[in-house]
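Side-chain atoms are counted along with the backbone in the values below, which use heavy atoms only and exclude waters and symmetry mates. Protein chains get the first letters and strands the later ones, always in sequence-line order, with residue 1 at the start of each. Only a predicted model underlies this, so the values are computations on that prediction, with no experimental measurement involved.
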Amino acid sequence: MRRVTGWIVLIVLVAFLVWGVTLVHPFGDPDASAMDDYIIENSQEETGSNNVVAAVLFDYRGLDTLGEATILFTAVTGVLLLLRASKRKKETS
Amino acid sequence: MLTKIVRTVANQLILFIVIFGLYVIVHGHITPGGGFQGGAVIVSGVVMLLAAFSSQELKKSLRERVLTIVESSGALIFIILAFIGIGTVFFYNILVGTPIFGRIPAIGPGPGDIWTGGVIPLMNFAVGLKVIAGLSAVVLALALFSGGEEVEE
Amino acid sequence: MMEHIPLDFPFLAAALLVGISFYIIIFKKNLIKLIMGIAMLASGVNLFLVSLGYRAGGTAPIYTDVPEGTMVMSVPQALTLTSIVINVAVLALMLTMAIRIYRHTGSLDSEKSRKLKG
Amino acid sequence: MAELITHSPILIIAIPLLAAFLTPLIGMASQKARNAFVVGSLVFVTFLVFALARDISFNGIHVYTLGAASPDLSIPTGFMVPVRIILEVDGMSAFFGIIWAIVSLAAAIYSLSHIASETGQTRFYTLLLLMVTGGFGMMFTGDLFNLFVFLEIASISGAALIAYRTKFADTQEGGFKYIVVSAIASLMVLFAIGLLYAQYNSLNIAYLAQVIQYTTLDKIALAMFLIAFAMKTGMVPLHLWFPDAYSVAPASITGMLVITSHACMYAAFRICFTLYGGVINAPVVGWIIIIFGLLTMFVGVTMAVYQKDVMRFMSYHAVSQLGYMWIGVGVGLAVLGNAELIATYGRDAMSGGIFHILNHAMYKPLLFFTGGALFHYTGTRDLTKMGGLAHKMKWTTILYIIGTLSISGIPPLNGFSSKILIYESVYQFHPILTITGIIVSILTLASFTKAFHSAFMGAELPEYKGGKEVPRSMIIGMVILAAGIVFVTLFPSLVVDWAIHPAADALIDQGAYINAVTGAIP
């Protein structure tokens, strides 16, 4: 029973995915994108960075990168928290 | 712990890996790369050391406590760089036009200039610091834990 | 150069990756396989995102010593970069929990190591 | 002060984040200083949230463009499309922000003594602050990809906190389930964002809402968004992970997880009403939400009746209560676009659903906290092993009674005011919804009474004779939430006028949300 349900879910999902991606614009030919063109044209002037991706990461979409760094920080903190000893070796004040 | 040949080679190679990683971090705003990528390069060197030497041996030079402090400071530098723009707006690139990293490159294709980008190179550096310390701490903690040792508080 | 690649190949590859990973997530019982499935799901989504921004014949959006011409879209690349790092973080935490579960129950089989029911 | 208000949308996100980065360093120096620092920063954030909400009720939507030359320059001069990340705080966001601020403050205070005997406290508080950041980010952002990033922050820190008590195997399993579900859900969200980006080349919610066409791809994206967020809130066919994860976490974290599921609900509302509001096939989507809401309500409560574990029992009730909110807002969605029906009962139904979110956000964490207090006192979560606890735990008993009366909708408590609002308005839409709601309410009361009887009443058991009431900070944490309940009970109309109706109107009024961003072209 579980297997059958699983297969049905899987087949429906894959069918929708393949159908969906064939509706996306042809590869290599996206619609004209005002936002990207603006960034490519103006990033050198506004941020002084030759690397447009770096300009997007740290200037135009800086909060995303801060969030990304935060997630890394979260994961590191989480890993160290979960691998900690659950008993104190010596009592701290 | 692997053979002496591997350990010797790893010992020599780590220097080049670190230099390459630092190069990727420092040139993040003019060539492909940046803090995350360069940090990941250096951490791959740490993983190599972990494979060549034992985690016990590596623990002597890489202390968890130190790594935590470095990671926190990297994150702090990043968020403070974002905060100094708050005179105008959070994340405002305040250094563009100033003597520190403030030059504007020639518009259009051209050779890169290291003194450009405003806060971007500094943020790259902060992120690189964070990634190096954070991911090293993770791989070290996982290696130590599989060896039966737990992280201290 | 692009003429040789059947029209939407990267998009279909992304859909296929997502499909395979859902197969793994639904049917596999081993926790490590489950984690690998999620890693593949992430790769599929990342491939989809980064191929959205490709413009035929475009160069990387970096002005240092680049020939004149169109540049590919830069925002999808930044999004993909962000998403890759996020998934590294998620995987690290998942693996840690899998190790902890293995320590507690001595098994990585999600049926055998199960404590919580209903 | 005016400067502070202008920058407050980002400050509310950035201050807990800054505090989280500082906490490991302060924790190395002194534990007391760390605790004071954590609570202090949360108090400051709560103050900022209230100031911002007050300003919004007078001056309308706040827009904050990150990295631009001025905060309200949402679109670069002489350009038509937003380029940068924009934070957009309207009545709905502010409403959720207030809830999140209060509950996280109460949870932090409650944790001070709840986890006092455990190791790794510094990392615990760091993650708690990160979770606060993630929640606020989800509520305040006006950018889809940013929403995904903050969703991930909230779920990763939540998963690590669920697995906090590493010496038990079930905590690890609960945490693992939570992170797997979150990872799948957020990757689906990301895929849907990709589908939207493929067509409109933008990530800003307001701009997308303006240009969206409702093509087939948009429908697939909408389905993916809804499935992902429904999965994260524990809607019924996808609810199996929910009690597993919620019952094993430390009680303070369970209280916060309830609000993160509300934040996912907020995201789903934002997608349905604001992003797709102009083009959506409202009756169909509304009915789908209503049917699954009904299922959620009913299955949750029937599963809860059999539970012996006090936290599992409450988790299933949380599932069931979430159904009320889906129904209330779902009815509002089903009649969206029909101004007459919106005025007769749609707005009331939505207000009822949103009011119920507020009430649920007060009494459910309170009940989880009392469950945690029982665990703290007895060392077990098994209800059959408890008994006669009212003799020693006076405060906990009183607070538990308040929570129980509120969740079962006994007049005059706040749970009643929101439920009656839902019942009245939903009855005009379809009577069966109201009948099911009342039956679920009765079952809720019955099962909570039974749990009360087995835990608190009866003779004092010999093994719990020597214990003392739980420490003071846990009681303070619970009393903060109980005070919220009492406040809403005493002034329901005040709350409805100042918080609920603005939030409901913010959802209905899609144009204002769009105008706040795209109308600001100089």
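- Side-chain atoms of A:Thr77 and D:Arg123 include no donor-acceptor pair closer than 3.5 Å.
- By number of non-hydrogen pairs under 4.5 angstrom with chain A, the leading residue of D:Ile156, D:Thr141, D:Asn146 is D:Asn146.
- The shortest side-chain heavy-atom distance between A:Met35 and D:Asn201 does not fall under the 4.5 Å cut-off.
- At a 4.5 Å heavy-atom cutoff, the contact between D:Ser157 and chain A is made by backbone and side-chain atoms alike.
- With a 4.5 Å cut-off on non-hydrogen atoms, A:Leu81 touches chain D through its backbone and its side chain both.
- Between D:Phe79 and A:Tyr38, the ring planes lie tilted relative to each other; the angle falls in the 30° to 60° range.
- Counting heavy atoms from C-beta outward, D:Met224 and A:Leu17 have side chains that approach closer than 4.5 Å.
- Residue-level contacts of residues 211-220 of chain D with chain A, in order of numbering, are D:Thr216, D:Leu217, D:Ile220; threshold 4.5 Å between heavy atoms.
- Contact annotation: the side chain of D:Glu152 never approaches that of A:Thr74 to less than 4.5 Å [non-hydrogen atoms, C-beta and beyond].
- Contact annotation for A:Asp36: only side-chain heavy atoms (C-beta onward) come within less than 4.5 Å of a heavy atom of chain D.
- Residues of residues 190-199 of chain D placed with any heavy atom under 4.5 Å of a heavy atom in chain A are listed by number as D:Phe191, D:Leu195, D:Tyr197, D:Ala198, D:Gln199.
- The side-chain heavy atoms of A:Leu82 and D:Tyr164, taken from C-beta on, include no pair separated by under 4.5 Å.
- Annotation: the span from A:Phe73 atom CZ to D:Leu17 atom CG amounts to 8.5 Å, rounded to 0.5 Å.
- Under the rule for a side-chain hydrogen bond (donor to acceptor under 3.5 Å, both in side chains), A:Thr22 has no partner lying at least two apart in sequence or in another chain.
- Heavy-atom distances place both the backbone and the side chain of D:Phe145 under 4.5 Å from chain A.
- The most heavy-atom pairs under 4.5 Å with chain A, out of D:Val81, D:Val149, D:Ile85, come from D:Ile85.
- Nearest heavy-atom pair, D:Ala160 versus A:Gly78, reported as atom, atom and distance to 0.1 Å: CB-CA, 3.8 Å.
- The candidate from A:Leu63, A:Ile71, A:Asp59 with the greatest count of non-hydrogen atom pairs under 4.5 Å with chain D is A:Leu63.
- Looking only at side-chain heavy atoms (C-beta outward), D:Phe21 and A:Thr70 come within less than 4.5 Å of each other.
- D:Pro82 touches chain A through its backbone: at least one of N, CA, C or O sits under 4.5 Å from a heavy atom, while the side chain does not.
- Taking CZ of A:Arg61 as the reference point, atom CG of D:Leu66 lies at 10.0 Å (rounded to 0.5 Å).
- Contact annotation for residues 127-138 of chain D against chain A (heavy-atom separation below 4.5 Å, listed by residue number): D:Leu127, D:Leu130.
- In this structure, the separation between CD1 on D:Ile10 and CG on A:Leu66 is 7.5 Å, given to the nearest 0.5 Å.
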